[in-house]
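Since the structure is predicted, the reported quantities are computational estimates derived from the model, not experimental observations. Each chain gets a letter, A, B and so on, in the order the sequences are listed, and its residues count up from 1. Computed over heavy atoms, backbone and side chain alike; hydrogens, waters and symmetry mates excluded.
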Amino acid sequence: MIKLEYTEKKGLVQKPGAGVDLTLGGSTGQHEMTTTFKVIHATSSLDPQDTTHIITFPEGVVLPANSLILASKLEMLVPDADETNITALGISANDTLMLDGELSASSDEVVLLPPTALEFVGSESFDSVLLTTDDNPHEEAMIKITICYMQLQ
Amino acid sequence: MPKVQYTEKKGLVQTSGAGVDLTLGSSSEAHEMTTSFKVQTETFDLPAAASALTLDLEIPKCSILTSAKFEVLTPDTTNTTITALKSLTDDTLISGVAFAVNALGEKIVTPAALASLAADTTLKIELSGNTTGDGVVKLTVSYLQLS
């Protein structure tokens, strides 16, 4: 795995890791800012007893504060056996950042989702996303969500 | 023409082509996503006796339009201005363009707020009035495409 870093002092450097960091501003470090492009993903079964489902990122992975979601991918690894629809996808119950409309959970298509609005996540980091369905899904349904974001720091 | 590609597996690679692609996420676990920095351009004749023109330019779904540059290559006889860049379905992408097409010149305009396109979007220009149709304009758009 190779990480790409750019700083005004060192130029373009490749090192072990992953992701792209573009650090701009004075090389003295007094007024640098870094734009980071990253992708995170989470895989989870859907709760057959509920219509809200918490999809938790792997341990140590978060959607950081001050991030701008650029797009998401949603894939049913095990499609729902019932005709359940996904109706909302966001980082909290009140924030459907990633889905405007509804998607069938019984399809195994990979769906590319534009953000409903390009807004920064805010001052809080999130270790999960919240998915809502219009009915209780089948117990075997399993979903994967991938999120591409840009972080400013 | 060289294309710059970054993947976590190979790092930075230049291949034939054009543009910059940043592909992030582990290739072994099939959760990659790519951010591409892209530009498209179209040169078109202004419409005769019409105040709108649908272009061939199409921006893909999940793209974020960042700017548009208008250039008059051949001035139109009529004193008219391009007022807006819209989608074929009449969603305004960039308003307040205010670019005169009866004189040589160029202008870069940006959206009032960034938005992600929910579907493949064919572009359309709107003018303040009918043109003669003897003018030629070049439009260049830059955008981020997610895939």
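Within 6.0 Å of atom CD in A:E109, 12 or fewer heavy atoms from other residues, nucleotides or ligands are found, so the atom counts as exposed in its surroundings. Around NZ of B:K107, the count of heavy atoms belonging to other residues, nucleotides or ligands within 6.0 Å exceeds 12. Heavy atoms from other residues, nucleotides or ligands lying under 6.0 Å from NZ of A:K38 number 12 at most. Residue-environment remark: CD (B:E58) exceeds the threshold of 12 foreign heavy atoms within 6.0 Å. Atom CG of B:L88 has more than 12 heavy atoms from other residues, nucleotides or ligands within 6.0 Å.
The two residues B:S116 and A:L118 have their closest heavy-atom pair at N-CD1, 3.9 Å. Heavy-atom minimum distance, A:L113 versus B:C62: C-SG, 3.6 Å.
Linking Ile, Leu, Val, Met, Phe, Trp and Tyr whenever their side-chain heavy atoms come within less than 4.5 Å puts B:I94 and B:F99 in one cluster. B:Y6 and A:L12 fall within a single hydrophobic cluster, where Ile, Leu, Val, Met, Phe, Trp and Tyr side chains are chained together by heavy-atom contacts under 4.5 Å. In the hydrophobic clustering of this structure, A:I40 does not group with A:F120; members are Ile, Leu, Val, Met, Phe, Trp, Tyr whose side-chain heavy atoms approach within less than 4.5 Å, directly or through other members. There is a path of hydrophobic side-chain contacts, each under 4.5 Å, that joins A:I143 to A:V111. At a threshold of 4.5 Å between side-chain heavy atoms, the hydrophobic network of Ile, Leu, Val, Met, Phe, Trp and Tyr places B:L117 and B:L146 in two separate groups.
Among the residues in residues 61-69 of chain A, none has a non-hydrogen atom closer than 4.5 angstrom to a non-hydrogen atom of chain B.
The closest donor-acceptor contact from the side chain of A:K73 to the backbone of B:E32 lies under 3.5 Å.
In this structure, chain A has a heavy atom under 4.5 Å from the side chain of B:I64, while its backbone stays farther away. For chain A, the nearby parts of B:L114 are the backbone and the side chain; heavy atoms of each come within less than 4.5 Å. B:A118 touches chain A through backbone and side chain together, each having a heavy atom under 4.5 Å away. In this structure, no portion of A:A117 lies under 4.5 Å from any heavy atom of chain B. Interface remark: A:S72 contributes backbone atoms only to the contact with chain B (heavy atom separation under 4.5 Å).
Separating the CG atom in B:L24 from the OH atom in A:Y149 is a distance of 10.0 Å, to the nearest 0.5 Å. With rounding to the nearest 0.5 Å, the separation of OG1 in B:T35 from CZ in A:F37 is 6.0 Å. Rounded to the nearest 0.5 angstrom, B:L22 CG and A:M150 CE are separated by 11.5 Å.
Looking at A:I147, A:L112, A:L70 one by one, the single match for side chain to side chain contact (heavy atoms under 4.5 Å, CB included) with B:M33 turns out to be A:L112.
No other option in A:L4, A:I145, A:T116 has as many heavy-atom pairs under 4.5 Å with chain B as A:L4.
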